[in-house]
Amino acid sequence: MSVGATILDPLGLRLGAEEKAFFRDANPFGFILFARNLDNALQIRALCNDLREAVGREAPITIDQEGGRVQRLRAPDWTEWLPPLDHVAAAGNNAEQVMYLRYRLIAHELKSLGIDSNCAPLVDVAGEKTHPFLKNRCYGTDPDTVARLGRAVANGHLDGGVLPVVKHIPGHGRAVADSHLELPRVQTNHADLSRWDFAPFKALNDLPLGMTAHLVYDQIDPRPATISPVMMRLIRDEIGFDGLIMTDDISMKALSGDLASLSAASRAAGCDVVLHCNGSLDEKRAVAEAAGPLDADGCRRAELAMAARKPPDEVDIPALRAKLDALTGGQGGNG
C-alpha cells in the first residue's frame, strides 16, 4: 500500500473508530500532536500506539516542542523551558553546549512518550524587525551563530533518538508579519538572502527533514515559497537540501485558497509532504486526497529519514540536567 504524502493530527486524546479507519485508508507518512492530544504519559503512549497501529507501521510522530512559547508539553509533568533566544543569552559562551543539552533532554522526554520527531531546529536568523511571533524562538542574529547552534540542537535530538525538522526553510527571519494570520512579504534581493538568510540552511542541508516557510520573496518569485516551484527548486539546488520537505501547516492564513487546492499546489511545487493541522475529519480527507501518495523521490527521502532514527544514546539524565543548570546559572529548565 502506498504511503500518503501527508502529516496529519488526531482530533483528541484517543482515536475513534471513524478516525482510525480514515488513517488506515489515507496511510499518512506521519502524525503531529498538539496540546489537545496530550493529557498524561500513559494516555500519550496509548495514542501513539493507536496511530501506528492504524497505519500498520512505525510511522514518525512529531510535535512542536521548541521550548518557551511554542511547547506542547508543559509543567508540572514536563520541563518548562525559557524561549530559545533567552536561553542562548543566559548561556553566553556556553551556548552551543547548552543548546545541545537542552534538546537532548527534550528528546528524552519525547522519546519516553513514543514521540520520535520534533519541529526544531529553527534556524531563521533574527533581525531588528523580525515579528514577535518568531523572534525569541530564534537562536541568534547572525547566520554563523544560528547554524552552529542549530547543529547542536539537531545533534541533541538525534542522540536522543528523535528526528529533527529544520525550519522554516529557506528562512523566515525577515518576516514582519505573523504567517499564522497573514502573508509576509520580503523585498530583499537574492544575493543578500543567499548570503544571510539561506546560509544556516545550507550549513544544515544534510538533516533528514525540513519544513517550508509561508512567505513571499518578491525579488525571486511572487508566489509563497510553499507553493512556488521556483523557491522549491532553489531549496533543492542552491541550498542543497535533499531531505524530506513538509509544508508548514497548510491551513495557516498566510496561504489563500481551499485546502485541497493548496495541498495540490504545494505538491506540484516540489514539497514531499503536506502538513495539515487543527482541522475537521472532512478537511483531512480533502487534504489527503489532494496530496496523493509519496512519489518516487519522496519515498527515497522518507526512507533515508527513517534510517536516521536511531536508538537513544545511553546517558545519565539527572547528570545532564545538573550540567545544564551549572552552565546557565540555574536556568536549565523547570520540571
S.K.: Within the structure provided, determine whether L234 and F198 are in side-chain contact (heavy-atom separation under 4.5 Å).
M.R.: yes

S.K.: For the residue pair G332 and D325, what are the closest heavy atoms and their distance?
M.R.: N-OD1, 2.9 Å

S.K.: Heavy-atom distance under 4.5 Å between the side chains of R301 and L294, does that happen here?
M.R.: no

S.K.: Got a second to check how far K167's NZ is from L134's CG, nearest 0.5 Å?
M.R.: 9.0 Å

S.K.: If only side-chain N and O atoms count, and only distance matters, is there a donor-acceptor pair under 3.5 Å linking D124 with H168?
M.R.: yes

S.K.: Working note: L215 + R174, criterion side chain to side chain contact (heavy atoms under 4.5 Å, CB included); need CA distance, chi angles, decisive distance, verdict.
M.R.: CA-CA 10 Å; L215 74 166; R174 293 184 193 266; 5.9 Å; no

S.K.: Test R137 against D178 for salt bridge (Lys or Arg N to Asp or Glu O under 4.0 Å), laying out the working first.
M.R.: CA-CA 13 Å; R137 298 164 59 193; D178 183 348; over 6 Å; no

S.K.: Looking at N94 and Q97, would you say the former's side chain and the latter's main chain have a donor-acceptor pair under 3.5 Å?
M.R.: no

S.K.: Can you tell me how far the CD1 atom of I250 sits from the CD1 atom of I7, to the nearest 0.5 Å?
M.R.: 12.0 Å

S.K.: Within this structure, what is the NE2-CD distance for the pair H131 and E182, rounded to the nearest 0.5 Å?
M.R.: 7.0 Å

S.K.: Any salt bridge (Lys or Arg N to Asp or Glu O under 4.0 Å) involving residues 85-98? Give me the pairs, sequence neighbours left out, ordered by first then second residue.
M.R.: E96-R148

S.K.: When clusters are formed by joining ILVMFWY residues with side-chain heavy atoms under 4.5 Å apart, either directly or through shared neighbours, do L15 and I63 land in the same one?
M.R.: yes

S.K.: Does a sphere of radius 6.0 Å around CG in D237 hold more than 12 heavy atoms from other residues, nucleotides or ligands, not counting ones at 6.0 Å or beyond?
M.R.: yes

S.K.: Indicate yes or no: at least one non-hydrogen side-chain atom of R74 is less than 4.5 angstrom from one of L38.
M.R.: no

S.K.: Under a plain distance cut-off of 3.5 Å, with no hydrogens placed, do N189 and Q219 share a side-chain donor-acceptor pair?
M.R.: no

S.K.: Are T145 and Y139 close enough that some pair of their side-chain heavy atoms sits under 4.5 Å apart?
M.R.: no

S.K.: Using the rule that Ile, Leu, Val, Met, Phe, Trp and Tyr join whenever any side-chain heavy atoms are under 4.5 Å apart, tell me whether V70 and L122 fall into a single cluster.
M.R.: no

S.K.: Quick check: do H180 and D249 have side-chain heavy atoms less than 4.5 Å from each other?
M.R.: no

S.K.: Just by distance, do the side chain of D221 and the backbone of M231 share a donor-acceptor pair under 3.5 Å?
M.R.: no

S.K.: Distance alone, cut at 3.5 Å: any donor-acceptor contact between the side chains of N278 and R36?
M.R.: yes

S.K.: How about N118 and H157: does a side-chain donor come under 3.5 Å of a side-chain acceptor?
M.R.: yes

S.K.: Test your reading of the model: is there a side-chain donor-acceptor pair from Q71 to the backbone of W81, 3.5 Å cut-off?
M.R.: yes

S.K.: Kindly compute the distance separating CE (M232) from CD1 (I245), expressed to the nearest 0.5 Å.
M.R.: 3.5 Å

S.K.: For I227 and L262, work out which heavy atoms get closest and say how close.
M.R.: CG2-O, 4.1 Å

S.K.: D142 and W196: side chain to side chain contact (heavy atoms under 4.5 Å, CB included), yes or no, with the steps?
M.R.: CA-CA 8 Å; D142 71 87; W196 196 262; 4.0 Å; yes

S.K.: Find the distance between CD (E128) and OG1 (T130) and round it off to the nearest 0.5 Å.
M.R.: 9.5 Å

S.K.: Run the numbers on R104 and L101 for side chain to side chain contact (heavy atoms under 4.5 Å, CB included), then give the verdict.
M.R.: CA-CA 5 Å; R104 178 63 183 84; L101 291 169; 5.5 Å; no

S.K.: Side chains of R151 and V123: does their closest heavy-atom pair fall under 4.5 Å?
M.R.: no

S.K.: Is it true that a side-chain atom of D197 and a backbone atom of P170 form a donor plus acceptor pair closer than 3.5 Å?
M.R.: no

S.K.: Do I235 and F201 touch side chain to side chain, with heavy atoms closer than 4.5 Å?
M.R.: no

S.K.: Got a second to check how far D242's CG is from D297's CG, nearest 0.5 Å?
M.R.: 7.5 Å

S.K.: Can L183 be reached from Y217 by stepping across I, L, V, M, F, W or Y side chains whose heavy atoms are under 4.5 Å apart?
M.R.: no

S.K.: Under 3.5 Å, side chain of S117 to main-chain N/O of L163, donor-acceptor pair present?
M.R.: yes

S.K.: Closest heavy-atom contact between A302 and F29?
M.R.: CB-CE1, 3.6 Å

S.K.: Please determine whether side chain to side chain contact (heavy atoms under 4.5 Å, CB included) holds for the pair V88 and V98, giving the CA-CA distance in whole Å, both sets of side-chain angles, and the decisive distance to 0.1 Å.
M.R.: CA-CA 8 Å; V88 169; V98 163; over 6 Å; no

S.K.: When clusters are formed by joining ILVMFWY residues with side-chain heavy atoms under 4.5 Å apart, either directly or through shared neighbours, do V146 and Y100 land in the same one?
M.R.: yes

S.K.: Determine whether V3 and C299 make a side-chain contact, defined as any pair of heavy atoms from C-beta on separated by less than 4.5 Å.
M.R.: no

S.K.: Under the criterion side chain to side chain contact (heavy atoms under 4.5 Å, CB included), which of L33, D64, L110, I106 is the partner of L73?
M.R.: L110

S.K.: May I ask you to decide if L11's main-chain N or O and E19's side chain share a donor-acceptor pair within less than 3.5 Å?
M.R.: yes

S.K.: Quick check: closest heavy atoms across V125 and P200, and the distance to 0.1 Å?
M.R.: CG2-CG, 3.8 Å

S.K.: What pairs with F34 under ring-ring contact (aromatic ring centres under 6.0 Å, His included), at least two apart in sequence or on another chain?
M.R.: none

S.K.: Which atom names give the shortest non-hydrogen contact between G298 and D295, and what distance separates them?
M.R.: N-OD1, 2.7 Å

S.K.: Between R285 and E18, is there a salt bridge with N-O shorter than 4.0 Å?
M.R.: yes

S.K.: Restricting to non-hydrogen atoms, name the atom on P60 and the atom on D116 that form the minimum distance, rounded to 0.1 Å.
M.R.: CA-OD1, 3.4 Å

S.K.: Could you walk me through whether F133 and H172 pass the ring-ring contact (aromatic ring centres under 6.0 Å, His included) check?
M.R.: CA-CA 11 Å; F133 100 93; H172 213 305; 5.7 Å; yes

S.K.: Would a distance-only check, ignoring hydrogens and angles, find a side-chain to backbone donor-acceptor pair under 3.5 Å from S251 to H276?
M.R.: no

S.K.: Whether the S194 and K202 side chains hold a donor-acceptor pair (N or O, under 3.5 Å, no angle test) is what I'd like checked.
M.R.: yes

S.K.: Examine the side chains of T79 and R321 and answer whether a donor and an acceptor come within less than 3.5 Å of each other.
M.R.: yes

S.K.: Examine distances only and state if a side-chain atom of N37 and a backbone atom of L13 form a donor-acceptor pair shorter than 3.5 Å.
M.R.: no

S.K.: Sub-3.5 Å donor-acceptor pair from the side chain of R267 to the main-chain atoms of A291, do we have one?
M.R.: yes

S.K.: Salt-bridge test for R185 and D218: reply yes if a basic N is under 4.0 Å from a carboxylate O, no otherwise.
M.R.: yes

S.K.: For the pair R102 (side chain) and L82 (backbone), establish whether a donor and an acceptor sit closer than 3.5 Å, ignoring hydrogens and angles.
M.R.: yes

S.K.: Check for me, please, whether I220 and I169 land in the same ILVMFWY cluster - side-chain distances under 4.5 Å, paths through other members count.
M.R.: yes

